[in-house]
Amino acid sequence: MQDRFRGNIGTGTIQAKFFADSTNIDPDSLVATYAADDGSNAQAPHDETAPGGSAKVEITATKPGLLEVLVRTGHDEESGRLQVRRNGEIVHDEPIQGPARWFYVVVAS
Amino acid sequence: MRTAFLAAIAGLSVVAASPASAQTPAARQAECQEAFGKLDAEAVKTITNGDFCRGLAGFIVFKWTGPEAATIVKSVSEKVLSPRDVQSRSTGHADLGGTAAQGQAVPGVQPAGVAAGTIAMVGTDAGRDAIAALSVNPAVLFLAEKATSQLAKLSRVADVTVFVPISSTGDEEIAAVDSGSKFRYFGARVRFNWTGISSGSSVWGKAEQMLMERASRMNLTFSRIGKLLVDTSNVDACTVALLDNPLDDTAIIVACGAPVGFKSGLAQATSINEELMRIRRVADAKYFGADFRFDSGDPTLGAVENASGQFMFVGLAFGRRFDAGNPASTATSGIRARLGVRHAKLDSQPKAEFAVEGSVGYELSRRTADDNVLEISAGVEIRRTQGTSTAPDEFQADYTMFRASLTMPLMQGAGVSLNVASPITGDVSPTISVNFNWGLLLSNRPGR
């Protein structure tokens, strides 16, 4: 698993999008989990996409907390592009291969 | 006992790891930044707001939950929800209810989760025959392909079944009637389970709740670590202890002054999966809905002369399985009942007739695995025609019938059932059938 600590991200509307490569063998899954520091406001949206398509999830992070973005691919050789936006602005946008996790510490903005 | 022991250690370690009250917040942040930098020089650069203690706490949680995350994205133990996790598996049988090859003592209205098929070999007074039935849940088949709340509901609401005999009456010479056509009986069923909408919602709601609980647990751990890093007298030693001993509160207390109480998500994965199974069983343990049937041809499969015609049944069905949510028990019992009106128009008779038809039964089942249920059921079925029937034998106007069925699983989604029916009153043929049932399960992996 490609496991990356991505550091701080500000509060707001956070969108994650996974663009699955058309050469992938089967559909892939995207999930984000978020909760505030005190464990409140937990959210766990998830979405799936077929090869060549995209999956999108959205978190409304109003307080500092932790955010995880997980991509579950059926096969290690499957790839795509993972993009995280905050309030519409791209924060990270990089290719990934196989299952991946991007880990954020949500801070007050 | 363990709590008292940890409290004692915490008390003794106050001197060793006492809060750095004299330290300024800026100095503490500098210590956290230094400790963080030693761990990962690149990661510390991603902390852009100057709160390095909080960033370091996040990094430690990141490290602690790495194996758990790898499990989520790779293995099946605490995976992101798959379609199979939420689909109904209460029935995998195509509905042959109302035919000579009826596969349950009292047919229910819980639909096939996706698609199901049955091939039944049936024996009556007329001889041997075979009937094939195919059920499809059109909403799931064509609309829902992801593990969503929509799938959880749709897989429990309705399906359509069509069936046809796949042989002649076996030995035409011993059949009481020869229609001259092999394709002389077919039927269609629609099962609608009103309860399925709400039970599907509860399955989905619980599944999503479990994912959110995991997020909450992770953040509570994060907050505790953040507080430890601010309060401890030695950030470096505390950080090392935390990273080296995520599950050892004794070591953490000695180095940091207080415990974290972290529990591995891997250990919780099993219980989460079990809980999801339990909720699904409870949701699928009851049904209330409608049963619509249409038959054309000879439903006696040749046992009665001039019994061919068109038949329509509209009824309500109810079922409840008790103790389905008890994880300690694999055995359950339940009741089933149905009541409806049958309209029959024989080809040989000028007038149609109405009859009331119903049945009630009791079932015992044992779960051998999540998808496999061994079931035995028995029931009584009655039909009473309004007024006096003009052709009671041909209409099969009035009877009371005892039915029993034994269903044994063969593998996930497939099984065989042995069914017998014997008249208590009325001149109707006894039947025996062996049904091979197959039910399609959705993917056990997300998105398929």
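Keep in mind the model is a prediction, meaning the values are calculated, not measured.
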Task: Basic-acidic side-chain contact under 4.0 Å: B:Lys45, B:Glu42 - done: yes
Turns out that what part of A:Ala36 lies under 4.5 Å from chain B's heavy atoms comes down to backbone
In this structure, OG1 of B:Thr232 is separated from CD of B:Glu31 (nearest 0.5 Å) by 9.0 Å
Can you confirm whether A:Arg101 sits close enough to A:Val69 that some side-chain heavy atom of one is under 4.5 Å from a side-chain heavy atom of the other? no
Okay, A:Asp37 and chain B: the region with an atom under 4.5 Å from a heavy atom over there is both
Under a 4.5 Å heavy-atom criterion, the part of residues 6-24 of chain A in contact with chain B comprises A:Arg6, A:Gly7, A:Asn8
So CZ of B:Phe59 and CZ of A:Phe103: to nearest 0.5 Å the spacing works out to 10.5 Å
Side chain proximity check, B:Cys238 to B:Leu229, heavy atoms < 4.5 angstrom = yes
The side chain to side chain contact (heavy atoms under 4.5 Å, CB included) partners of B:Thr46 (sequence neighbours excluded) come to A:Phe5
Would you call the rings of A:Trp102 and A:His92 parallel, tilted or perpendicular, taking 30° and 60° as the class edges? perpendicular
B:Asp236 meets the side chain to side chain donor-acceptor pair (under 3.5 Å) criterion, sequence neighbours left out, with B:Lys38
| message | Hydrogens and angles aside, do A:Arg4 and A:Gln2 bring a side-chain donor and acceptor to less than 3.5 Å of each other? | response | no
Residues B:Leu220 and A:Gly39: closest non-hydrogen pair is CD2-N, 4.1 Å
For residues B:Gln29 and B:Asp51, is any side-chain donor paired with an opposing acceptor at under 3.5 Å? yes
For residues 58-67 of chain A against chain B, heavy atoms under 4.5 Å, the residues are A:Pro64, A:Gly65, A:Leu66
Under 4.5 Å to a heavy atom of chain A? For B:Thr221 that would be neither
